[in-house]
Novice: 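Handing you this structure, nothing more for now.
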Amino acid sequence: MKSFRGRVIKAVSSRFFVDIGGEVKVCYARKKLKADGDIYVGDIVTVSKDRDSFVIEEVLPRRNSLIRPYVANIDVCFIVIAPEPQPDFLLVDKIIVNCLKQDIMPVLVKNKNDIADIDASEYDKVLDVLACSAESGEGIDALATRAKCKTVCFAGQSAVGKSSLINALLDAPILEVGELAKKIKRGKNTTRRTEILSLGEDTYLVDTCGFSMLEAVDIPPEELRLYFDDMEEYRKNCRFNMCTHTAEPDCAVRAEVGKGVGKGRYERYLAIFAELKERKETKFD
Ligand SMILES: Nc1nc2c(ncn2[C@@H]2O[C@H](COP(=O)(O)OP(=O)(O)OP(=O)(O)O)[C@@H](O)[C@H]2O)c(=O)[nH]1
Ligand SMILES: [Mg+2]
Ligand SMILES: [Zn+2]
C-alpha cells in the first residue's frame, strides 16, 4: 500500500478532493474520521492508495482553524466589505477577534471601490486596510502581493464580492458569482461550499460562504479587550489593571471614545462583551 501527503481542497458530502503534489485525487475517509468536522478544507492529510481507491488515513495537526465554515491552516484572512450590501462592522469586528486569537493575520478589504469609497478610518490603527475593485481591477495587484506564498481565507457577508475577487486574482472566471439583487430577494449565498484554489508558488485562496463567527469566539468576556489593539494602548491609564472598559470608574479607554478610540468600534466592543457575558452565564446556569 502506497502512502502520500496532500492538502484537502474541497469536500463534497463524503468525498474529499485532495491535492497530492499538484494532482487532485478524490478520496474517501477512514471510518474513524467520518464524524462531521473531522476533516477540514485546508487540512494536511496522509492518503493511502489501495488498488484504485484513495483513502484519507490521518489528519496532521492544524496550525489553526475556523468554524462555520470549517477551514484549517490559514495565514491571512481578507475580511471583505463593500458599499453594497451595507457593511456589517459587528461581523468585521468578530472576525478580527477570531483571527487574532487563532494567529491569523486579518486584512480589511474594501471591495467595489468603483461604486463608493467606504470610510473605514476607525480601523487604521487596528489592521491593514486595502481598497480595491474586482470590477475595474483597481488594487488587485496589492491583494496578490499580500497573498503571496500564503493561504488566504476570504470572509465576509454574502455578495460583497469574495468569489469575484478570487476570480480577479486567478485572472479567470472559475468561481460562480451571484447577482446582488437576486441574492437579496432569495437570501441565498452563491458560494455554498468552502474551496481552496491554488495560485501557484505556494499561494492558496480559500473561498467561503461567509462566516457566522461568534460561535467561534470562545473567550472569557474579560479577555475580549486584549483583542482590541486600538484600546489596548490606553489601558495603562485606567484606574484598574483588570479594567474591562465597560463600567469601571476612571476608565481611560472610555475617555478616549470618539478621539483615540472610534465610537463605532467601542460600541461594538460593548455589544460583543455583552454577548460573551450572556453566553457564559447561560453556560453555567
Ligand atoms: N460594482 C462592482 N460589483 C462587484 C464587484 N465585485 C463583485 N461585484 C458584484 O457583486 C455581486 C456579488 O459578487 P460575488 O462574488 O458572488 O459575492 P460573494 O461575496 O462571493 O457572495 P457569496 O458567495 O454569496 O458569499 C456580483 O453581482 C458581482 O458582479 C466590484 O468590485 N464592483
Ligand atoms: Mg461567493
Ligand atoms: Zn478601562
Side-chain angles (χ1 to χ4, degrees), residues 10 41 68-69 71 77-88 91-92 95 109-118 130-140 142-143 152-170 172-197 205-213 221-226 228 230-257 259-261 265-266 269-270 273:
K10 187 163 73 168
V41 169
R68 284 167 222 249
V71 203
C77 181
F78 284 169
I79 306 169
V80 185
I81 54 172
E84 53 175 35
Q86 238 185 27
D88 177 352
L91 179 70
V92 170
I95 298 176
V109 174
K110 302 195 296 176
N111 188 34
K112 308 196 191 183
N113 213 44
D114 55 295
I115 299 176
D117 187 7
I118 304 166
L130 301 175
C132 65
S133 166
E135 185 84 14
S136 74
E138 174 200 346
I140 299 300
L143 291 190
V152 181
C153 176
F154 286 67
Q157 296 149 267
S158 183
V160 290
K162 300 179 292 297
S163 300
S164 303
L165 286 171
I166 293 177
N167 284 342
L169 283 161
L170 295 166
I174 289 174
L175 297 170
E176 191 192 347
V177 163
E179 271 174 55
L180 183 65
K182 272 194 200 148
K183 272 195 236 215
I184 288 168
K185 266 187 226 137
R186 284 190 273 138
K188 268 191 195 155
N189 294 71
T190 304
T191 303
R192 302 225 183 88
R193 58 173 64 99
T194 305
E195 182 172 0
I196 292 191
L197 295 115
L205 308 177
V206 189
D207 195 18
T208 74
C209 44
F211 275 95
S212 61
M213 296 285 287
E222 50 298 346
E223 280 176 24
L224 182 64
R225 64 198 168 105
L226 304 175
F228 277 68
D230 41 345
M231 298 182 356
E232 269 298 279
E233 62 174 287
Y234 303 106
R235 178 164 66 107
K236 57 182 184 303
N237 301 325
C238 292
R239 189 203 293 185
F240 300 109
N241 211 7
M242 297 298 286
C243 188
T244 63
H245 320 311
T246 53
E248 295 89 343
D250 299 325
C251 169
V253 169
R254 276 215 318 276
E256 280 293 330
V257 173
K259 290 177 269 176
V261 176
R265 274 281 285 175
Y266 181 69
Y269 169 80
L270 291 182
F273 185 91

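One-based numbering, in listed order, for ligands and for the atoms of each.
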Novice: Heavy atoms only, cut-off 4.0 Å: how does V177 contact ligand 1, side chain, backbone, both, or neither?
Specialist: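 The answer is both, backbone and side chain.
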Novice: Check each atom of ligand 1 against the heavy atoms of I115 and keep those under 4.0 Å away; list them by number with element.
Specialist: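 Reading through ligand 1 atom by atom, the close ones are 1 (N).
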Novice: Could you give the distance from CG (N167) to CG (L205), rounded to the nearest 0.5 Å?
Specialist: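 Here the interatomic distance stands at 10.0 Å.
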Novice: Any side-chain heavy atom of C251 within less than 4.5 Å of one from F240?
Specialist: no
Novice: Answer yes or no: is there an ion pair linking K110 with D117, defined by an N-O contact shorter than 4.0 Å?
Specialist: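 Here K110 pairs with D117 in a salt bridge, since their nearest N and O are under 4.0 Å apart.
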Novice: Could you tell me whether some N/O pair between A134 and ligand 1 is separated by less than 3.5 angstrom?
Specialist: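 Min N/O separation from ligand 1 is below 3.5 Å for A134.
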Novice: Supply the atom-to-atom distance E84 CD to N111 CG, rounded to the nearest 0.5 angstrom.
Specialist: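 The CD atom of E84 sits 11.0 Å away from the CG atom of N111.
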Novice: What I want to know is whether S158 and ligand 1 share at least one N or O pair that is separated by under 3.5 angstrom.
Specialist: yes
Novice: I need the atoms of ligand 1 closer than 4.0 Å to a non-hydrogen atom of D114, numbered in the order shown.
Specialist: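 So the answer, numbered in order with elements, is 1 (N), 2 (C), 30 (C), 31 (O), 32 (N).
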Novice: Would you please say whether a donor-acceptor pair under 3.5 Å links the side chains of E138 and N113?
Specialist: yes
Novice: Kindly confirm or rule out an N or O of D207 lying under 3.5 angstrom from an N or O of ligand 1.
Specialist: no
Novice: Which is closest to atom 8 (N) of ligand 1 in terms of heavy atoms, K112, Q157, K162?
Specialist: K112
Novice: Hey, is the Mg ion (ligand 2) within less than 2.8 Å of some N/O/S atom on S163?
Specialist: yes
Novice: Would you mind running through ligand 1 and noting each atom that sits below 4.0 Å from a heavy atom of E135?
Specialist: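 The list of qualifying atoms is 2 (C), 3 (N), 30 (C), 31 (O), 32 (N).
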Novice: With rounding to the nearest 0.5 angstrom, report the CG to NE2 distance, L224 to H245.
Specialist: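 Separation between the atoms: 9.5 Å.
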Novice: Regarding ligand 1, does N113 bring an N or O atom to under 3.5 Å of one of the ligand's N or O atoms?
Specialist: no
Novice: Charged N to carboxylate O under 4.0 angstrom, R235 versus E232?
Specialist: yes
Novice: Is any N or O atom of A159, backbone or side chain, closer than 3.5 Å to an N or O atom of ligand 1?
Specialist: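 Such a contact does occur with ligand 1.
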Novice: Would you kindly specify which portion of N111 sits under 4.0 Å from ligand 1, judged on non-hydrogen atoms: side chain, backbone, both or neither?
Specialist: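 For N111, only side-chain atoms sit under 4.0 Å from ligand 1.
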Novice: Output yes when the distance from some N or O of ligand 1 to some N or O of C132 is under 3.5 Å, and no in every other case.
Specialist: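 No, there is no polar N/O contact under 3.5 Å.
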Novice: Going by heavy atoms in the side chains, are D207 and K162 under 4.5 Å from each other?
Specialist: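 Counting from C-beta outward, D207 and K162 do come under 4.5 Å.
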Novice: Measure from the Zn ion (ligand 3) to every N/O/S atom of H245 and report the name of the nearest one.
Specialist: ND1
Novice: Are any side-chain N or O atoms of Q157 and backbone N or O atoms of D88, one a donor and one an acceptor, separated by less than 3.5 Å?
Specialist: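 Judged by distance alone, yes, a pair lies under 3.5 Å.
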